[in-house]
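Contents: one structure, followed by commentary.
Labels below follow one simple rule: chain letters A, B, ... track the order of the sequence lines, proteins then strands, and each chain is numbered from 1.
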Amino acid sequence: MKETITLLLRTALDALRAEGALPVAGRDDNIQVEAARDRAHGDYASNLALTLAKSAGMNPRELAERLVKALPDANAVSKVEIAGPGFINFFVNAGAAGEVIFDILEAGDDYGRNNDGGGQKVQVEFVSANPTGPLHVGHGRGAAVGDSLCRLLAANGYSVTREFYYNDAGAQIDNLTLSVAARLKGIEPNDPAWPKDGYRGEYIQDVAHAYMQGETVSADDRRVTAAADPEDMAAIRAFAVAWLRHEQDLDLRAFGVEFDIFYLESSLYESARVEATVEQLIDGGHTYEADGALWLRTTDFGDDKDRVMRKREGGYTYFLPDVAYHLDKWQRGFTTVINEQGADHHSTVTRVRAGLQALEAGIPAGWPEYVLHQMVLVTRSGEEVKLSKRAGDYVTLRDLIDEVGRDATRYFLVSRAATSQMTFDIDLARSQSSDNPVYYAQYAHARVCSVEAKAAAEGKPFDADSAANALHRLEDQREKELLNRLGRWPEVVKRAASGREPHQIAQYLQELASDFHSYYNAVRVMVDEDELRNVRLALGMAVRQVMRNGLDLLGVCAPREM
RNA sequence: GCCCGAGUGGCUCAAUUGGAUAGAGCAACGGCCUUCGAAGCCGUGGGUUGCAGGUUCGAGUCCUGCCUCGGGCGCCA
């Protein structure tokens, strides 16, 4: 429909140019047609006259009038109006507007999907938590946003790889190992002998216990049997990492998030990629030695100060493997890479990009992309909470899922723009009432299932042919609004993906659910008249389909009953 | 001090990427269940979009300068 209207406007525009009323040199001819946000503005609106007024040397309303006069007849359009400063508003007739219902029912799960990506490879790196503790709410936000982003990109025709990167060898793993070793000797966090910077959470005790039991743990990317020897630091380290990776797998599984690749920092050393990267940077002439360390002149590429690559004592800083890792991503053919991380890591953005530029490997300056999410504050009864039974000092993701459920947790964490700090209200997420946006959306889906079942039970199962004959009967304002909303779905899917903003999906679903509940309360579906009943059922089923498609993009269930 | 992000009704957040009268939910108040699920609907009140300039047909959105809050500023990741 939008395409039809764009075409009408183009025809009118060409006609005016042909008769010399407009300068032919229209440099940018992108005709904007948008679904109107206000009913009074019709179904679709264009600002064409406003954007062209200046170059045409005409006032916008006058230009709009000439455009409207030049519009060819189209039976889908029932009325055209000029409003405000010069907007052209199109009113679509009921039968044509209703066609979207069958577009949706025929496309099914594919409605809203497109092939804009053309199979192009995209990699999304997210969560990337180090194996030193259970996942917390911040990781949960990253998981919810990252996973939804992946689903969105796939829906837009991209070939998506989900990757989880973690440090399995650095100083933090040393701390982990020392912490477990201390627990093995019966040392507790408050003892004077407790290692400095040790991990104090109770789960360390669990690791120690499992280790001495000789347990075998398997994670998505490894499997390790405990040596049960309290003196064997290498064995403790290997077991602890596996144990925590396993815990994180359980967290992710409970959250419904899966990864294609777990990428180890240690592998960058084993494959000599770190060494190769160093040499390449030195060859590029962007390095220098000072204070016994090797520096990279990142200030050549927008950083506010230079960064150390190799420490005085010989080891590399984390920043170097980061660069090596991203070079590897590039070499694997990912021209689009999106890193989803907490905003507390934002300082790595400039650094990594600078390092990649210094490689002079033909990597574009703004590569890779970053989606940084802000902090999450969790509240209960209006007060900040720190669920601490397992972790010691922060809200674990698993505790949250256990308490409020997977669907609600995901929906909440993904429904706000990543750039804004958010408050996660446990009371609201738990409430099984209208207050809860998750149930609000899911209930719309379940309601359609319910009425469809009722129709079947009464011996009046849905009849598509009957509905197809009655599209013009959808004349109620609420029905028109629903149709308008449904027709906008494909654009929402595009926009949410291109802007890397999955929260737009949640936003849309709330609006769709609202439109539907309002309609359902006011207009009866199960009427005696066959065609009217069937066309209303069809409308409901279209809503259900879009609701299901949308919830799927968020990784949330679409239940048949609540 | 420098860098990133945010500032929208009492609270939590949106706003079709520069569009028309800034919208939802919570909280407050008043209505709607003998008919498709009330996990729902309808209605009322509540705003100088942090402040001051600027850009233009048009600014919550873009630019400049301030203010406040969060995060970062390590030879940790």
Could you pull out the protein-nucleic contacts involving nucleotides 57-65 of chain B (nitrogen or oxygen on both sides, under 3.5 Å)?
| residue | atom | partner | partner atom | Å |
| --- | --- | --- | --- | --- |
| B:rC57 | OP1 | A:Lys54 | NZ | 2.8 |

Mind listing the side-chain donor-acceptor pairs of residues 288-299 of chain A below 3.5 Å, one per line with the distance, residues two or more places apart or on another chain?
| residue | atom | partner | partner atom | Å |
| --- | --- | --- | --- | --- |
| A:Tyr288 | OH | A:Asp306 | OD2 | 2.8 |
| A:Trp295 | NE1 | A:Ala290 | O | 3.1 |
| A:Thr298 | OG1 | A:Asp303 | OD2 | 3.0 |
| A:Thr298 | OG1 | A:Lys305 | O | 2.9 |
| A:Thr299 | OG1 | A:Asp306 | OD1 | 2.6 |

5'-to-3' dot-bracket of RNA chain B (Watson-Crick, G-U; under 3.5 angstrom; crossing pairs as [ ]; | other strand):
(((((((..((((.....[...)))).(((((.......))))).....(((((..]....))))))))))))....

Where along nucleotides 67-73 of chain B does protein come under 4.0 Å, by heavy atom, of base (B) or sugar-phosphate alone (S), with - for untouched nucleotides?
---SBSS

Under the side-chain hydrogen bond (donor to acceptor under 3.5 Å, both in side chains) test, which residues partner A:Gln510, sequence neighbours left out?
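For A:Gln510 the side-chain hydrogen bond (donor to acceptor under 3.5 Å, both in side chains) partners, ignoring immediate neighbours, are A:Tyr411.
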
Holding to side-chain contact (heavy atoms from CB on, under 4.5 Å), I want the full list of residues that pass it with [X], two or more places apart in sequence or in another chain.
X        : result
A:Glu501 : A:His503, A:Gln504
A:Ala155 : A:Arg113, A:Val493, A:Leu553
A:Leu264 : A:Tyr166, A:Asp168, A:Asp221, A:Arg222, A:Ser266, A:Ser267

Among residues 316-324 of chain A, which contact RNA chain B at a heavy-atom distance under 4.0 Å?
A:Thr317, A:Tyr318

Just to verify, what does A:Asp197 make a salt bridge (charged side-chain N to carboxylate O under 4.0 Å, His left out) with, not counting sequence neighbours?
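Once residues adjacent in sequence are excluded, A:Asp197 has no partner under the salt bridge (charged side-chain N to carboxylate O under 4.0 Å, His left out) criterion.
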
Identify, with sequence neighbours excluded, every residue that meets salt bridge (charged side-chain N to carboxylate O under 4.0 Å, His left out) alongside A:Asp530.
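Once residues adjacent in sequence are excluded, the partners of A:Asp530 under the salt bridge (charged side-chain N to carboxylate O under 4.0 Å, His left out) criterion are A:Arg533.
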
Please set out all donor-acceptor pairs under 3.5 angstrom arising from side-chain atoms of residues 450-459 of chain A, sequence neighbours excluded.
| residue | atom | partner | partner atom | Å |
| --- | --- | --- | --- | --- |
| A:Glu452 | OE1 | A:Arg544 | NH1 | 2.8 |
| A:Glu452 | OE2 | A:Arg544 | NH2 | 3.3 |
| A:Lys454 | NZ | A:Glu458 | OE2 | 3.1 |

